[in-house]
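Okay, so here's the structure we're looking at.
Small disclaimer: the values here were computed from a predicted structure and weren't measured.
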Amino acid sequence: MGRQSTEMLKGILEGIVLALLSTRPAYGYEITARLRDQGFTDLAEGTVYALLIRIEQRGLVDVEKVPSEKGPPRKVFTLNARGREDLVEFWRTWSFLTERLDQLREDGA
């Protein structure tokens, strides 16, 4: 992934993670693995963990510690009502931007 793609991803990663959590609860490593399965192979685990801390502090997710087969308990993140509202706004903004970008491309910019 080039520098421009990486910068774009940073700007939308929160929405992507909220979208993943809207399908089912997950813990940090699992979210990173799902992102990599979706083609975001250059994504650093630390980036995802920092984002999870931010969305937890903003009250967009509920967190439950569950026992782990290895090591300390895992923090499982579940999208809550406030997070779902944020996700709806993310998709609304995404639709607005993609419509404008598509128009620019069609106009030959």
Exercise for review: Answer yes or no: is there a donor N or O on one side and an acceptor on the other, between the side chain of R82 and the main chain of R58, under 3.5 Å?
Suggested key: yes
Review point. Got a second to check how far L104's CG is from E99's CD, nearest 0.5 Å?
Key: 12.5 Å
Review point. R34 and T23: side-chain donor and acceptor closer than 3.5 Å?
Key: yes
Practice item. Check the pair R100 / F96 against side-chain contact (heavy atoms from CB on, under 4.5 Å), numbers first and verdict last. Key: CA-CA 6 Å; R100 296 320 173 277; F96 172 83; 3.2 Å; yes
**Study point:** D62 side-chain N/O to F77 backbone N/O, donor-acceptor pair under 3.5 Å
**Key:** no
Review point. Between CZ of R105 and OG1 of T98, what distance do you get to the nearest 0.5 Å?
Key: 9.5 Å
**Study point:** Geometric class of the W94/W91 ring pair [parallel <30°, tilted 30-60°, perpendicular >60°]
**Key:** perpendicular
Point to revise | E30/R24 ion pair, N-O < 4.0 Å | key: yes
**Study point:** Closest contact, heavy atoms only, K65 versus P73
**Key:** CB-CB, 4.2 Å
Study note, to complete from the structure: By side-chain hydrogen bond (donor to acceptor under 3.5 Å, both in side chains), E56 pairs with (sequence neighbours left out) K75
**Study point:** Close side-chain approach of L9 to F40, heavy-atom, < 4.5 Å
**Key:** yes
Check your understanding: What distance do L79 atom CG and D86 atom CG have between them, rounded to the nearest 0.5 Å?
Key -> 9.0 Å
Check your understanding: Which heavy atom in A26 sits nearest to a heavy atom in I31, and how many Å separate them?
Key -> CB-CG1, 3.7 Å
Point to revise | Atom pair OG1/CG of T78 and L21 - distance to nearest 0.5 Å | key: 7.5 Å
Revision key, fill the gap. With L35 as partner, the option from I16, T47, T41 fulfilling side-chain contact (heavy atoms from CB on, under 4.5 Å) is I16
Practice item. Report whether I12 and L60 are members of the same hydrophobic cluster (ILVMFWY, side-chain heavy atoms less than 4.5 Å apart, transitive linking). Key: yes
**Study point:** I55 to V61 - nearest heavy-atom pair and separation
**Key:** CD1-CG1, 3.8 Å
**Study point:** Nearest non-hydrogen partners of V17 and L51, listed with the distance
**Key:** CG2-CD2, 3.3 Å
Point to revise | Shared-cluster residues of I53, by chain and number - hydrophobic side chains joined below 4.5 Å | key: none
**Study point:** Heavy-atom pair of closest approach, residues G59 and N80
**Key:** O-ND2, 3.1 Å
**Study point:** Closest heavy-atom pair and its distance - L52, G28
**Key:** CD1-CA, 3.6 Å
Review point. Would a distance-only check, ignoring hydrogens and angles, find a side-chain to backbone donor-acceptor pair under 3.5 Å from Y49 to Y29?
Key: yes
